[in-house]
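Quick notes on the structure that follows.
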Amino acid sequence: MSEPLYMKVFNTVVQRIVDGSYVPGSMLPSEFDLAGELEVSQGTARKAFIELEQKGIVQRRQGKGTFVTLRTPENSLFHFFRLRDQDGQQVAPELKQESIVLRNALKDEKAALYSAPDKVYEINRLRSLKGTPLCHERSVVPANLFPGLKDRGDLPNALYVLFQHAYSCIIISAQEHLVAEVLSDDLAEALDQSKGTPVIVARRQARDLQDRVVELRTSRYLTGATSYFVDLK
């Protein structure tokens with residue numbers, strides 16, 4: 001079965017973002033211009049632009065044009081961090097503690113991550129809200145995709161901004177599975193909680209612009225003063 005014609009435009013735009021021809025934040029050619037260059041109809045180009053926007057790869061600005069999505073600390077954190085306070089306001093957590101280790105990939109990590117890496121970076125982080133422990137995050141990423149990550153010093157609060165700007169790895173989607181658990185002894189101590197405190201556990205696979213799984217993240221949330229928010233449409 002042949003690929004739909006609009007995917008020619010879609011894949012061309014994606015490849016140009018990947019190779020740096022279209023940098024994050026830059027404006028794309030118009031539908032008309034790109035259609036002419038690639039010898040397709042303007043309707044075909046428009047369909048590709050709609051698909052690019054729906055996947056979060058580009059953003060349309062009324063009266064200005066279409067731009068490559070640019071991750072900022074604010075939009076990255078709020079887009080992928082789902083906790084809200086009791087008033088329904090988005091929570092901006094503070095990074096309290098962090099550690100990074102380079103280690104051998106576990107069997108399930110190697111199977112899930114792009115390139116089946118032998119080595120991974122494991123990033124452990126504690127976050128707080130107004131000084132109160134809020135969550136523990138453990139992110140695992142392929143070491144070959146993020147060389148030198150351990151030697152960069154303190155990482156930014158929003159990892160995906162660093163991934164985009166330092167490694168040209170643009171996270172555009174994530175799937176999370178939620179379960180309920182109780183804190184282990186070591187995490188209870190780290191989060192200053194009693195042994196057996198219930199938590200929400202979110203297990204995430206994050207995909208980049210090329211639909212590669214580039215991060216596995218397990219987050220354990222204390223929700224005494226917050227809730228995990230999802231807007232279903």
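If you're wondering where the values come from, they're calculated on a predicted model, not measured in any experiment. One-based numbering along the sequence shown.
When side chains are defined from C-beta on, N144 does not count as touching K119, because their heavy atoms never get closer than 4.5 Å.
Hydrophobic clustering (ILVMFWY, side-chain heavy atoms < 4.5 Å, transitive): M7 and I17 are in one cluster. In the hydrophobic cluster analysis, where Ile, Leu, Val, Met, Phe, Trp and Tyr join through side-chain heavy atoms closer than 4.5 angstrom, L52 is grouped together with L5. Linking ILVMFWY residues whenever their side-chain heavy atoms come closer than 4.5 Å, directly or via other members, leaves L126 and Y221 in distinct clusters. A single hydrophobic cluster is not seen to contain both F32 and L34; linkage of ILVMFWY side chains at heavy-atom distances under 4.5 Å, directly or through other members, places them apart. Cluster membership check: F49 shares its hydrophobic cluster with I172, using side-chain heavy-atom separations under 4.5 Å among Ile, Leu, Val, Met, Phe, Trp and Tyr.
Residues meeting the salt bridge (Lys or Arg N to Asp or Glu O under 4.0 Å) test with R204, sequence neighbours left out: E176.
When atom types are taken as modelled, the side chain of E31 and the backbone of G43 share no donor-acceptor pair closer than 3.5 angstrom.
A 6.0 Å sphere centred on CD of E189 holds no more than 12 heavy atoms belonging to other residues, nucleotides or ligands. No more than 12 heavy atoms of other residues, nucleotides or ligands shown are found within 6.0 angstrom of CG on D154.
A side-chain donor from one of R217 and S139 sits under 3.5 Å from a side-chain acceptor of the other.
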>> Walk me through whether R152 and E98 qualify under salt bridge (Lys or Arg N to Asp or Glu O under 4.0 Å).
In response: CA-CA 13 Å; R152 299 188 68 90; E98 175 182 83; over 6 Å; no

